[in-house]
Amino acid sequence: MTGHVSIRLASERVNHSVSSSNVLPRFYTPGEVITGTQDFMRGHGTYAEDDCLKSSVAGVMQKVNKLICIRPLKSRYVGEIGDVVVGRILEVQQRRWKVETNSRLDSVLQLSSVNLPGGELRRRSVEDEQMMRMYLQEGDLISAEVQSLFSDGSLSLHTRSLKYGKLSQGTLVKVFPSLIKRRKNHFHNLLCGVSIIIGNNGFIWISPLMQDLMIEESKDEINNYESQSVSKSDREAMARVKNCILALVASKMMLDDTSIMFAYEESLKYDSVKDLLDPEAMLDIAFLTQHKINNIMDE
Amino acid sequence: MADLLLSSTEKIFIVHGVQDDYRSDGRSNIDYRPMELETEVVSHASGSARLRLANTDVLVGVKTEIDTPKPDQPGLGKIEFFVDCSANATPEFEGRGGEQLANSISNMMQRAYQSSQAFELKQLCILEGKQCWKLYIDILILESGGNLYDAVSLAVKAALFNTRIPFVKAVLMDGGNVDLQLSDDPYDCKHLDVGCAPLLITLCKIGDKCVVDPSAEEESCSVISVVVGVTGNTKSYCSGKEIDSVKSLERKCSTIGMNGSGSLAPQTLQSAIMQGMVAAESLDEALGQALLRERQENVILKKHAYGFLK
């Protein structure tokens with residue numbers, strides 16, 4: 001049995017652009033003059049120099065009346081209160097955890113803003129501060145909500161709801177935060193038997209369909225559930241979703257449950273999931289998805 | 001290797017996936033991720049190549065220099081590897097952080113190229129006992145997304161395939177001194193015979209099974225990986241008429257190395273080596289095809305470098 005190897009040449013590189021009309025938005029580079037300073041207001045991503053308004057990031061312009069902003073294409077996550085994020089615990093500190101959320105500074109999760117596993121009430125005591133590593137340790141992934149912003153721009157998170165908390169088996173996909181569409185709900189159970197958490201920070205968590213047994217079970221049973229093997233059909237659906245997301249990202253398409261589900265449906269014509277790693281297949285899926293979205297928008 | 005934080009449940013998921021022969025992106029244990037290759041990317045090197053394997057990015061340049069052969073090997077040329085881990089790849093490579101990894105890769109390459117059945121150093125000889133070519137192979141790791149050894153060895157072989165060595169026009173002997181006159185015409189040169197140059201195959205042991213082409217996440221789930229150097233087949237690198245005159249060579253294992261703190265049972269090692277030989281075969285064929293395709297394209301139209309623009 002031999003494995004599959006594909007080596008393509010740079011000259012055969014696929015152009016991932018799926019824009020239907022050939023009009024691409026004007027792209028500004030750092031230091032580029034946008035307009036004169038008169039009658040315009042300076043927004044995010046711009047600065048004034050020599051009586052001109054210049055771009056400080058690489059991105060596209062957004063104009064609201066007289067306010068000019070440049071929205072960067074690639075950037076770190078800039079948090080807003082109420083955002084759903086997926087993060088990784090970096091450090092256990094005094095009464096708080098340091099969390100990596102793809103923002104400029106590490107975020108903070110206070111011990112006082114978590115619900116303990118099993119919904120048990122927390123007793124403020126020294127023991128429970130010493131137990132912190134039992135709840136969340138370095139490397140663990142969590143879903144959380146942005147509670148507040150500190151003055152330096154770092155985020156304070158909370159997991160005070162049953163839908164937030166430690167994540168169990170699954171895979172993490174990292175994409176640009178600018179590609180995530182803001183929605184009311186970022187937790188989705190897709191029809192294909194996969195549940196995803198589309199974090200506003202560009203971290204997407206793909207896991208087999210969650211069963212709501214975590215709430216009242218004891219700790220042992222949770223541990224037992226966590227180490228069970230995921231079935232092959234679930235695994236295949238998860239891999240397909242992952243590859244679809246990567247295909248959409250390669251073509252810089254916005255991600256939400258609709259676009260991911262459309263891409264998933266389009267991808268079904270490729271029988272084997274690993275065929276979706278091929279750049280041409282990725283472009284095909286992104287293109288068909290874009291087409292489907294355009295159709296819906298027209299209706 | 002760059003240490004990646006993973007939670008225990010993520011690791012369980014990856015380990016079970018390998019057990020089921022179904023990895024998180026749908027590949028089986030013997031599949032490689034798609035790669036992109038370009039040769040002749042550095043104009044002032046004798047030969048160069050860039051290989052991108054998912055997130056792993058490697059740039060290789062080959063420089064030639066005239067040197068005197070070693071007294072115990074008067075008829076052989078020299079080859080030297082140098083690996084530089086750029087701090088762009090991961091912040092841990094900053095300063096001297098990447099040195100250990102760089103040394104282990106260059107040692108592995110040196111060992112794999114040592115055998116005359118892997119790379120014929122005789123072709124670098126100019127004048128026996130007096131002068132020979134020395135190849136400096138500089139490897140720059142620009143991004144690290146797992147499976148560095150395989151990517152480096154592929155890029156090195158591609159760069160060597162692309163290397164041109166100028167012809168020597170005349171040799172003047174003045175007593176003991178040798179004066180070489182090289183051809184001025186840049187097209188008056190020979191290509192190296194690299195058909196049997198070795199490729200390194202990493203087999204990462206995850207759970208009880210071995211996988212090829214591990215991603216960075218998978219690498220952090222494994223305690224030991226075996227690196228096997230397998231010689232290539234000249235036939236895959238010949239086109240047209242030459243193909244009949246070249247006889248197919250049997251693949252041989254030129255070196256074995258191990259990385260990591262774990263241990264292997266003799267049986268697992270044996271099966272890993274066999275798995276590596278099989279993987280090397282398809283890898284070598286795919287590389288040969290890509291390189292021949294590129295050479296053919298360059299004959300037809302003038303080369304336009306793509307480089308890093310995406």
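We name chains A, B, ... by the order of the sequence lines, and we start the count at 1 in each one.
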List the steps, then state whether side chain to side chain contact (heavy atoms under 4.5 Å, CB included) holds for B/Phe13 with A/Met238. CA-CA 12 Å; B/Phe13 182 75; A/Met238 286 169 67; 3.3 Å; yes
Which is it for A/Arg8 and B/Glu294 under the salt bridge (charged side-chain N to carboxylate O under 4.0 Å, His left out) test, yes or no, and what are the steps along the way? CA-CA 10 Å; A/Arg8 16 176 84 236; B/Glu294 180 156 56; over 6 Å; no
With side chain to side chain contact (heavy atoms under 4.5 Å, CB included) as the test, would you mind laying out the steps for B/Arg293 and A/Leu9 before giving the verdict? CA-CA 8 Å; B/Arg293 208 159 64 225; A/Leu9 301 177; 4.2 Å; yes
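Taking both residues in full, the closest heavy atoms of A/Val273 and B/Asp25 are given as CG1-O, 4.1 Å, listed atom of the first, atom of the second, then distance. What you find for B/Arg23 and A/Ala239 is that their closest heavy atoms are O-CB, 4.3 Å. Here the shortest heavy-atom pairing between B/Leu283 and A/Ile7 reads O-CD1, 4.4 Å. When every heavy atom of A/Gln169 is checked against every heavy atom of B/Thr9, the shortest pair comes out as CG-O, 3.7 Å.
The environment of CD in A/Gln93 is crowded: more than 12 heavy-atom neighbours from other residues, nucleotides or ligands sit within 6.0 Å. The number of heavy-atom neighbours closer than 6.0 Å to CD of B/Glu94, taken from other residues, nucleotides and ligands shown, is 12 or below. Surrounding NZ of A/Lys74 are at most 12 heavy atoms belonging to other residues, nucleotides or ligands under 6.0 Å away.
Atom OH of B/Tyr22 sits about 4.0 Å away from atom CD of A/Glu236, to the nearest 0.5 Å. In this structure, A/Glu138 CD and B/Ser7 OG are separated by 12.5 Å, a value rounded to the nearest 0.5 Å.
Looking at A/Asn243, the atoms closer than 4.5 Å to chain B (heavy atoms on both sides) all sit in the side chain, from C-beta outward. For a residue to count as touching a neighbouring chain, one of its non-hydrogen atoms must lie under 4.5 Å from one of that chain's; by this rule A/Ile89 touches chain B with the backbone only.
By the 4.0 Å N-to-carboxylate-O rule, B/Asp20 lies close enough to A/Arg235 to be salt-bridged with it.
The shortest side-chain heavy-atom distance between A/Arg88 and B/Glu10 falls under the 4.5 Å cut-off. Counting heavy atoms from C-beta on, the side chains of A/Leu277 and B/Pro34 come closer than 4.5 Å. Counting heavy atoms from C-beta outward, A/Ser6 and B/Met35 have side chains that stay 4.5 Å or more apart.
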